[in-house]
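Structure, as structure tokens:
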There are 2 protein chains.
Amino acid sequence: MLERVHLMIIREVDRQGSLTAAAHALHLTQSALSHAVRKIERQLGTPIWDREGRGLRLTQAGHDLLALANRLLPQFEHAEARMSQYAQGRRGTLRIGMECHPCYQWLRKVVAPYLAGWPDVDVDVKQRFQFGGIGALLGYDIDVLVTPDPLQKPGLHFAPVFDYEQVLIVARTHPLASVAFVRPEQLADETLISYPVDPHRLDLYNRFLTPAGIVPKRHKVIETTDIIVQMVASGRGVAALPLWLADEHADRMALVPLRLGEEGMAKQIFIGTREADGEIDYLRAFIALARQGQTDPGGVGSGERPPKC
Amino acid sequence: MLERVHLMIIREVDRQGSLTAAAHALHLTQSALSHAVRKIERQLGTPIWDREGRGLRLTQAGHDLLALANRLLPQFEHAEARMSQYAQGRRGTLRIGMECHPCYQWLRKVVAPYLAGWPDVDVDVKQRFQFGGIGALLGYDIDVLVTPDPLQKPGLHFAPVFDYEQVLIVARTHPLASVAFVRPEQLADETLISYPVDPHRLDLYNRFLTPAGIVPKRHKVIETTDIIVQMVASGRGVAALPLWLADEHADRMALVPLRLGEEGMAKQIFIGTREADGEIDYLRAFIALARQGQTDPGGVGSGERPPKC
DNA sequence: TACCTCTATGAATCTTTCTCATTGATTGAT
DNA sequence: ATCAATCAATGAGAAAGATTCATAGAGGTA
């Protein structure tokens with residue numbers, strides 16, 4: 001029978017490149033591994049590796065098993081970690097996925113009181129997903145997804161947590177700095193700075209530039225909000241940010257937030273969960289706390305600013 | 001270490017309701033199971049069941065593990081099945097997911113030549129998905145998804161396979177039978193028959209009725225195309241079908257296909273795969289064959305009708 | 001060719017798992 | 001209340017399985 005060990009062997013051989021090295025990594029002798037491999041290959045009836053001289057190369061079957069290992073082993077590991085948390089009296093870990101770069105600051109304001117209110121629950125935040133946030137949610141890599149794209153799917157549930165306005169930030173010395181609002185055409189000759197996200201997922205394109213048939217002169221990609229803000233302040237480009245984030249930085253930097261279009265660009269952040277998890281109390285509590293910010297400005301975090309912004 | 005056996009035990013105890021019964025189902029003695037359970041609980045540091053008199057009830061930790069078991073065990077089983085196919089010289093099983101009821105007839109015309117061309121590949125078709133077709137694709141429950149909703153996600157790839165026109169079918173005796181095309185208002189007093197799908201996913205609502213603010217008088221749900229057609233022919237309601245399917249039945253039944261709106265309702269069917277599977281030859285071949293129908297009417301199936309319809 | 005490195009294999013040993021036999025506890029029926 | 005039936009727990013011995021040691025074979029390299 002195909003066992004967890006076998007998957008571990010396959011994964012380790014792939015990582016280390018040889019049976020001998022994998023054996024050491026697994027704290028076994030080379031002989032033990034060889035025996036184990038021989039046995040499982042005989043049981044499955046198909047080789048996992050082609051022996052090429054002194055080396056191995058995965059067969060088609062082996063590739064399948066490696067993919068299986070990479071999918072299943074993390075789940076085993078996570079389950080064990082969770083069990084050991086239960087063992088220590090802790091409730092579990094709430095794994096939060098973020099598909100919304102600038103929401104990080106907002107999240108911190110939700111997580112702080114949550115950790116205080118649920119001392120036996122840990123929180124983990126992930127930001128990179130092989131199959132996107134929805135995939136991570138469906139694949140049980142995360143328990144909660146913070147995203148601007150709610151995407152109704154069976155088995156999932158999305159709830160809005162807050163509304164905000166997306167604005168363009170420019171340096172105070174920028175020619176556009178004094179306009180009442182920005183038109184798409186006015187960006188045709190600008191350098192746009194954004195997070196490293198597929199442009200098709202940026203609302204600045206979807207809802208502003210593309211409908212007007214405009215493409216900015218250049219598009220730079222930067223990971224961190226702080227650097228983006230500094231780049232903009234130094235006049236090297238413009239960027240789209242939530243108004244509340246822009247305001248926070250505008251205090252300290254030479255920045256001006258500009259309305260995108262005459263009406264402004266309204267956005268919403270949603271929080272997604274699996275319907276199957278509907279009864280997990282500490283998860284419900286998190287969502288309740290997150291949504292609370294929407295209607296009760298003082299409820300989340302420092303209270304220095306309404307979370308609705 | 002948490003092993004596959006443990007998950008099997010947990011699943012089986014849940015299915016059978018008792019350790020003793022589970023033991024028999026697993027071809028073990030009750031004693032063996034008891035020992036195994038005791039050991040894994042000691043290793044994990046947390047009980048999996050609360051002992052209630054002579055019975056067991058899952059703890060929170062146990063529920064987690066049961067969920068894990070239900071997620072992982074099928075994947076082990078599928079992998080083993082695939083290995084045994086490799087062992088027999090077969091290439092594997094192409095698991096096709098269908099999110100498009102009436103496409104079934106089309107699929108048969110693609111599958112027939114595919115099976116002939118790839119004698120060492122099996123085909124399996126699934127139509128029910130816990131997390132929807134996309135979830136099934138991401139969760140490796142299927143390898144190919146046939147769907148009208150392409151839904152671009154990272155890690156997935158969608159390709160259009162054919163276009164068709166969605167029409168309304170009514171009985172030949174129906175008052176609407178002679179109109180040039182149907183307006184939304186004309187359905188306000190009708191009984192609509194559809195497949196059992198969430199109305200929000202029916203384009204008849206999304207693109208026709210809802211924009212006009214119309215709701216049909218009744219909405220009946222039926223599983224099989226044949227029965228739907230018979231119900232319509234007998235004057236008990238109207239239904240939306242692909243034109244080519246409607247035509248097929250119109251030959252034999254007293255049916256009339258009607259254009260939906262002045263322009264008609266154009267639809268497209270897509271075929272989705274995981275990008276990671278891009279190099280699997282028999283999968284590429286399937287997609288190639290499926291798309292072929294789009295441009296080469298004689299290429300798929302009986303040739304009695306252009307697959308584009 | 002000599003040498004190094006990697007995998008394969010047989011036999012012995014050690015570890016784990018399973019069964020048997022038995023006990024204690026709970027439930028339902030008489 | 002007692003008896004019978006059912007279920008889980010446990011200890012000891014048996015069976016099965018995994019690991020190691022020692023060694024051979026094979027491919028690549030200097």
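Letters go in sequence order (proteins before strands), and every chain restarts at 1. A quick note: this is a predicted structure, and the numbers were derived from the prediction, not measured.
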ask   = Between D281(B) and R91(B), is there a side-chain N and carboxylate O pair less than 4.0 Å apart?
value = yes

query = Separation of I9(A) atom CD1 from dT7(C) atom P, in whole Å?
reply = 13 Å

ask   = Any side-chain heavy atom of L72(B) within less than 4.5 Å of one from L7(B)?
value = yes

ask   = Would you say a side-chain N or O of R38(A) is under 4.0 Å from OP1 or OP2 of dA8(C)?
value = no

request  = Answer with yes or no whether the side chains of E41(A) and T46(A) bring together a donor and an acceptor at under 3.5 Å.
outcome  = no

Could you list the protein-to-nucleotides 24-29 of chain D atom pairs, N/O on both sides, closer than 3.5 Å?
none

key: Interatomic distance, I9(A) atom CD1 to E3(A) atom CD [nearest 0.5 angstrom]   = 11.0 Å

key: Between P of dG17(D) and CZ of R42(A), the distance in whole Å   = 11 Å

request  = Look at T20(A) and dT5(C) and indicate whether a side-chain polar atom (N or O) is within less than 4.0 Å of OP1 or OP2.
outcome  = no

ask   = Is F286(B) close to T273(B) at the side-chain level, that is, under 4.5 Å between some pair of heavy atoms?
value = no

key: Heavy-atom pair of closest approach, residues V161(B) and R291(B)   = CG1-CG, 3.9 Å

Which residues share a salt bridge (charged side-chain N to carboxylate O under 4.0 Å, His left out) with E77(B), sequence neighbours left out = R11(B)

key: Axial bend angle, the helix from dT1(C)-dA30(D) to dT30(C)-dA1(D): five-pair end segments, nearest 10°   = 30°

remark   = The complete set of salt bridge (charged side-chain N to carboxylate O under 4.0 Å, His left out) pairs with one or both residues in residues 134-144 of chain B, sequence neighbours excluded, reads R95(B)-D143(B), D143(B)-R274(B)

query = Heavy atoms under 4.0 Å, any strand shown: does S34(B) hit a base, just sugar-phosphate, or nothing?
reply = base

task = Could you tell me the separation between the CG atom of D50(B) and the P atom of dA8(D), rounded to a whole number of Å?
result = 14 Å

key: Reading 5' to 3' through nucleotides 11-24 of chain C, protein heavy-atom contacts under 4.0 Å coded B for base, S for sugar-phosphate only, - for none   = B----SSSBB----

Spacing of Q16(A) atom CD relative to dC6(C) atom P, expressed in whole Å = 12 Å

query = Any luck finding a side-chain donor-acceptor pair between D64(B) and Y86(A) under 3.5 Å?
reply = yes

List the atom pairs, with distances to 0.1 Å, where a side-chain N or O of residues 12-21 of chain A and a protein N or O form a donor-acceptor pair under 3.5 Å, not counting sequence neighbours.
residue, atom, partner, partner atom, Å
E12(A), OE2, Q16(A), NE2, 2.8
S18(A), OG, T20(A), N, 3.4
S18(A), OG, A21(A), N, 3.0

ask   = Taking all atoms of both residues into account, what is the closest heavy-atom pair of L107(B) and M98(B), and its distance?
value = CD2-SD, 3.4 Å

query = In whole angstroms, how far is the P atom of dT7(C) from the CD atom of E41(A)?
reply = 12 Å

ask   = Between dA9(D) and R51(B), is there an OP1 or OP2 to side-chain N/O distance shorter than 4.0 Å?
value = yes

